[in-house]
Amino acid sequence: MASNAVSRRQLMRVAAVGAMGAAALRTGPAHAARDAGSGRGGAADLVLYGGRILTMAGGAGVARAIAIKDGVVVQVGDDASVRRLIGRRTEVVALRGRTVLPGINDAHLHGLRTGLALPPYNVDVGESAVGSIADVARQIAAAVAQAGAGAWIRGKGWNETAFAEGRPPTRHDLDPVSPGHPVALLNVDPRWFVVTGVKLRADGVPIASRTAWMREPYAGGGRGGLVTIGSTDEEKAAELTAMIALVHRAGLQIGTHATGDAAIDAVAAAYAEAIRSRRHGDPRHYVIHGDFAWPETLRSLARHGCGVSLNPNIKHLIADTQTGVVGDARAAYQTPYRSALRARVMVTSASDSPNVAPDWRQGLETALLREGRSGAVSGPDERIGLDEALRTYTTSAAWQDHAERWKGSLRRGMAGDLCVLDGHLTDERGRLAMDAHEISDLPVALTVVDGAIAYDASDPSARAAAAEGRAVSWASRPNPAHMCASC
Ligand SMILES: [Zn+2]
Ligand SMILES: [Zn+2]
């Protein structure tokens, strides 16, 4: 796949990444691992030393220093071996014990939607920005004052129940403040964008709307259903199976949105059937969300070389209220990290932004603690350790992208993508060295993409852009009732 792929690396340098300042995101197999010896003898472009570098490269453990040249790691190891590569034009960063991770790889999000949901592409008309239609009109007027003649004004996140007027805005509210500008204010944004492979959707969501297709009824009744065409569950499952077979035969990778256990069973069975009937390549199909994937289904996915992409941020957001939706046992099991690892299925972690902020630190914390917003633990048996959780954001996510040969770990020849945390996540042996409750507050000091510093927290304008991104309503006050309304 890597040999004939078009580079799509630039695509992910979206405003969202810089604005959030928390993740180096990108997709697409852009380059195969280059000759590990390239650059040897020449000065590096960037050297970081004196830190704790979690290479995620098998037994290599924690290094102290790393050098990058031409976008690729050229040396990882002790300070002396790396500092030899410092030349006159090398940018040098003293880490002073801070933690370095490979570029964080959020395994499922809507990149274009996320970027377009941030300023300046989007007027925030969500609950943390406006309390009335009059406020909305003021926000639109301010955007119009900045916009070119006739430009579209886009906004997202309004909710009439939060408006003092108690009704949706209409053109009569907005036309007077936006003469000559078309205005689109979305409550629910129906677009999605996928860069590699094909995304299908099997069912709804297992939250208040109870639309995920479940084996057993919800608390209060109903089992949800598939969203494919058909008048019975069997017909809908047959349609889903046919869709998966069609895409599989075309040689494409498939990620399927499936949250309910019955839906995940149907997707896993369809993957298995497609792969058995036509083996070609290594498609690595995966389940997106996988909330209620039971052990036998996880084992089936593993046997067929498929993966599951879990959403720890959403777990954190909804954990406190799920007992009322699916009962105690299923609520505790929901988002089953430990069971997935035990089944030896490849597990990745994903935010599903812009459903929630693409904040992997919150996700990492939740994978370790499984706490809801109240602090109550949901399913302690499904907690995993730091190294296991970091793999879901690095090496396993690279596997899902068919990109483990060039990203996900920090070895010679791998992509020069780094995340520097302003703190001490681990000790010198890579073991958690802080209270896990503080992981989500660890500041990101530096994000390096292709060997170039993409975010530097010491730059006030970068910090301001990140703060602005974090403050938008959908990121700062995600609405559990709207999860996956359009993904
Ligand atoms: Zn989804
Ligand atoms: Zn999604």
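Both counts, for ligands and for their atoms, begin at 1 and track the order of listing. Source: prediction; values computed, not measured.
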Side chain T55, main chain A57, donor-acceptor under 3.5 Å: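 Checking the backbone N and O of A57 against the side chain of T55, a donor-acceptor pair under 3.5 Å is found.
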Backbone of G204 reached by a side-chain donor or acceptor of H257 within 3.5 Å: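 Indeed, once roles are kept as given, a pair shorter than 3.5 Å links the two residues.
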The Zn ion (ligand 2) - name of the N/O/S atom of D352 that sits closest to it: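 D352's closest N, O or S atom to the Zn ion (ligand 2) is named OD1.
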Mutual orientation of the aromatic rings belonging to Y271 and H285 [parallel < 30°, tilted 30-60°, perpendicular > 60°]: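 Tilted, since the angle between the ring planes falls between 30° and 60°.
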Pairs where residues 217-231 contributes a residue and the test side-chain hydrogen bond (donor to acceptor under 3.5 Å, both in side chains) is met, not counting sequence neighbours: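 Only S231-E235 qualify under side-chain hydrogen bond (donor to acceptor under 3.5 Å, both in side chains).
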Opening angle between NE2 in H110 and NE2 in H108, taken at the Zn ion (ligand 2), to 10 degrees: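 Angle NE2(H110)-the Zn ion (ligand 2)-NE2(H108): 100°, rounded to 10°.
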Angle at the Zn ion (ligand 1) (to 10°), with one arm to ND1 of H257 and the other to NE2 of H289: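 Angle NE2(H289)-the Zn ion (ligand 1)-ND1(H257): 90°, rounded to 10°.
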